[in-house]
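Here the structure is laid out as structure tokens; the discussion comes afterwards.
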Protein chains: 2
Amino acid sequence: MTELEKGPQGRRRGRGARERILGASRQLFRDQGINRTGMDQLCAVAQVSKRTAYQHFASKDELVTEYLRRFDPGTMSAVFDRPDLAPRERLLAAFELPASGTQELTPMCPYIAAAVELHDPRHPASQYARDYKQAIAARLADTAREAGATHPEQLGEQLALLLDGAAARTRVMNTESFPTAAAIAAVLIDNAIPATTGDEDRSR
Amino acid sequence: MTELEKGPQGRRRGRGARERILGASRQLFRDQGINRTGMDQLCAVAQVSKRTAYQHFASKDELVTEYLRRFDPGTMSAVFDRPDLAPRERLLAAFELPASGTQELTPMCPYIAAAVELHDPRHPASQYARDYKQAIAARLADTAREAGATHPEQLGEQLALLLDGAAARTRVMNTESFPTAAAIAAVLIDNAIPATTGDEDRSR
DNA sequence: CGGTAAGTACACAGGCCGGTGTATATAACG
DNA sequence: CGTTATATACACCGGCCTGTGTACTTACCG
């Protein structure tokens, strides 16, 4: 009993420090925000010593950047790479709530949150947020083109703006706003895709 | 030279402390964000002693709340109370950039910024942000009704979401997004207002 | 088994932050 | 004029923050 019983089961928390840190980041940055989450608390939740954390990430800023980089766990693919859906339906699927079993609100888009909290457009995390958002808009534009939209780039940018609007408004109003965005998206999509040849019901 | 020459002109900064504090808040909270602005710096910019600041505002949270409350200096009226514009044009005017002489970006909507930075929906400032945003949506809905929209409440909420989306996206992308939002708004408005009697070109 | 990489415990530095105490000065008003 | 409300200078507190120094322990891998 010199210095044993470190972990909950007596087992050491061990090797996966980096992943545990990033996991705790995802949880705490979402629940409390970046600025209100101290490194001490973060390390406690991750069950990692502070020293270890700073051996993996030179600074909190670097951790925040990596946190953003590691965020999209196939979220983009899950929406865009669905061969079961027609392009038009894929565009609409981007506005569907993920697993809205409970009455929880869609969590604030972490990219917008980071941009607002860090408040410096030159911060690496802010730059990455910009890149990511641009990639999303490009993906939307590609799908719009696939769907036969007349101005796919424009539609992509419009839909991206709707997604950001829904995220921001959900946060500020404390009310789910994605359905509203989805309704707008439907209008825009139908307006942007010219009356197709033998397509299904477009009258509604 | 006992303790003179306090102010720049030798004149005391004097009575307007509260207003100077709120003025400095508007500047600093916009330029640096709320969390990154300390009370020391704020008082220095406002040319107010810290003691005076805390005699006017019991806490920084209270100052932030009052800062938000005092924000709308007729911004709402400037858009909505314009008898020179038809209701439909008033709706569109909400998306016009204010004095875009320079290439400056539209500053981040302070209500969204506060909601994200404070991160607590129960914070008085967050509550006020919600109220304000709701009032905006209601005003938009009223105008939409006046313009003859079929579902004015829905259109109001949609346009409000567009405004929030433009603000958030301008921030995160560091690119002006209000024109995109305005284009969407035009589509929504035209879609929501049934074909009027002698209206101008609607074909395009 | 032995070496090395990874992790740990813990204290502590230095800075900024929100907020207060105290004693003083000045403007406004009756 | 005298009172009172307003503002000032300035030091200070406790707390939290990011980040580091040091000495130690453990896991893995050849």
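Computation of the quantities below employed the complete heavy-atom set of this structure, encompassing side-chain atoms and omitting hydrogens, waters and symmetry-equivalent molecules. Just so we're on the same page: letters track the sequence lines, and every chain starts at 1.
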Distance in angstrom units between [X] [atom1] and [N] [atom2], rounded:
{"X": "B/Leu42", "N": "C/dG19", "atom1": "CG", "atom2": "P", "result": "12 Å"}
{"X": "B/Phe57", "N": "C/dT20", "atom1": "CZ", "atom2": "P", "result": "15 Å"}
{"X": "A/Arg18", "N": "C/dA5", "atom1": "CZ", "atom2": "P", "result": "17 Å"}
{"X": "B/Glu62", "N": "C/dG18", "atom1": "CD", "atom2": "C1'", "result": "14 Å"}
{"X": "B/Glu19", "N": "D/dT6", "atom1": "CD", "atom2": "C1'", "result": "15 Å"}

By salt bridge (charged side-chain N to carboxylate O under 4.0 Å, His left out), which residues pair with [X], not counting sequence neighbours?
{"X": "B/Asp31", "result": "none"}
{"X": "A/Arg90", "result": "A/Glu146"}
{"X": "B/Glu19", "result": "B/Arg70"}

Any side-chain N or O of B/Thr52 below 4.0 angstrom from OP1/OP2 of D/dT8?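 Yes, such a contact exists.
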Do the side-chain N or O atoms of B/His56 get closer than 4.0 angstrom to the phosphate oxygens (OP1, OP2) of D/dT6?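 Checking D/dT6 against B/His56, no side-chain N or O comes under 4.0 Å of OP1 or OP2.
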Protein-to-nucleotide contact annotation, 5' to 3' order, nucleotides 13-22 of chain D [B base; S sugar-phosphate only; - none; under 4.0 Å, heavy atom]: -----BBBBB
Of all pairs that satisfy ring-ring contact (aromatic ring centres under 6.0 Å, His included), the ones with a partner from residues 23-43 of chain A, not counting sequence neighbours: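 Pairs touching residues 23-43 of chain A that pass the test: A/Phe29-A/Tyr67.
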Could you list the residues that satisfy ring pair (Phe, Tyr, Trp, His ring centres under 6.0 Å) with A/Tyr132, not counting sequence neighbours?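 Ring pair (Phe, Tyr, Trp, His ring centres under 6.0 Å) list for A/Tyr132, sorted by chain: A/Tyr111.
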Salt-bridged, B/Asp131 to B/Arg69, with N to O below 4.0 Å?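 Between B/Arg69 and B/Asp131 there is no salt bridge, as every charged N stays at least 4.0 Å from the carboxylate O atoms.
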